[in-house]
Amino acid sequence: MEKQQLAAGVLKALGGADNLVKLSYCASRIRVTIRDNARFDRHALEALDAIKSVLEVDTAQHSTEYHLVVGPGNSRSLYEALTGLTDQRR
């Protein structure tokens with residue numbers, strides 16, 4: 001699956017660009033905080049072949065950060081595709 005298609009599928013499963021509060025990445029994960037969990041579709045994310053796992057991590061700010069595990073070397077290009085679709089870096 002092309003990165004732009006994957007990013008569009010991820011963004012839809014996250015509830016759209018306006019549902020994102022924070023978006024970042026590390027070596028093997030996309031990290032995201034969202035506004036409305038009711039718009040979050042975990043099953044749709046897990047159905048995407050490129051998403052190895054979806055983890056929920058409690059933060060010090062008493063919110064939940066989702067980690068989308070995509071594997072080493074894949075997170076930066078997906079992050080760039082996501083930020084291209086959201087038209088901003090978070």
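Hydrogens, waters and symmetry mates play no part in the numbers below; they use all other heavy atoms, side chains included.
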Drop me the distance from [X]'s [atom1] to [Y]'s [atom2], to the nearest 0.5 angstrom.
| X | Y | atom1 | atom2 | value |
| --- | --- | --- | --- | --- |
| Gln4 | Leu85 | CD | CG | 5.5 Å |
| His67 | Glu56 | NE2 | CD | 10.5 Å |
| Thr64 | Leu55 | OG1 | CG | 12.5 Å |
| Lys12 | Leu45 | NZ | CG | 12.0 Å |
| Glu46 | Ile51 | CD | CD1 | 10.0 Å |

For this session: Look at atom CZ of Arg76 and say whether more than 12 heavy atoms of other residues, nucleotides or ligands are closer to it than 6.0 Å.
Result: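 Incorrect, the count does not exceed 12.
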
List the atom of [X], the atom of [Y], and the distance in Å for their closest heavy-atom pair.
| X | Y | result |
| --- | --- | --- |
| Ala81 | Lys3 | CB-O, 3.9 Å |
| Ser75 | Ser28 | OG-N, 3.9 Å |
| Arg35 | Leu20 | NH2-O, 3.6 Å |
| Arg29 | Val69 | NE-CG2, 3.9 Å |

Problem set entry | Identified side chain to side chain contact (heavy atoms under 4.5 Å, CB included) partner of Tyr79 from the options Val32, Ile30, Leu68, Val70 |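 Going through Val32, Ile30, Leu68, Val70 one by one, the side chain to side chain contact (heavy atoms under 4.5 Å, CB included) with Tyr79 is satisfied by Ile30 alone.
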
Exercise. Considering only heavy atoms from C-beta outward, does the side chain of Asn37 approach that of Tyr66 to under 4.5 Å?
Worked result: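 When only atoms from C-beta onward are counted, Tyr66 and Asn37 do touch, with a gap below 4.5 Å.
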
Exercise. Within the side chain of Thr86, is there an N or O that forms a donor-acceptor pair under 3.5 Å with the backbone of Ala17?
Worked result: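 Pair absent, no side-chain N/O of Thr86 close to backbone of Ala17.
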
Exercise. Just by modelled atom types, is the Ile34 backbone N or O under 3.5 Å from a matching donor or acceptor in the Asn19 side chain?
Worked result: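 No.
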
For this session: Give the intermediate values and the outcome of side chain to side chain contact (heavy atoms under 4.5 Å, CB included) for residues Lys22 and Glu65.
Result: CA-CA 9 Å; Lys22 181 181 174 188; Glu65 183 176 80; 4.0 Å; yes

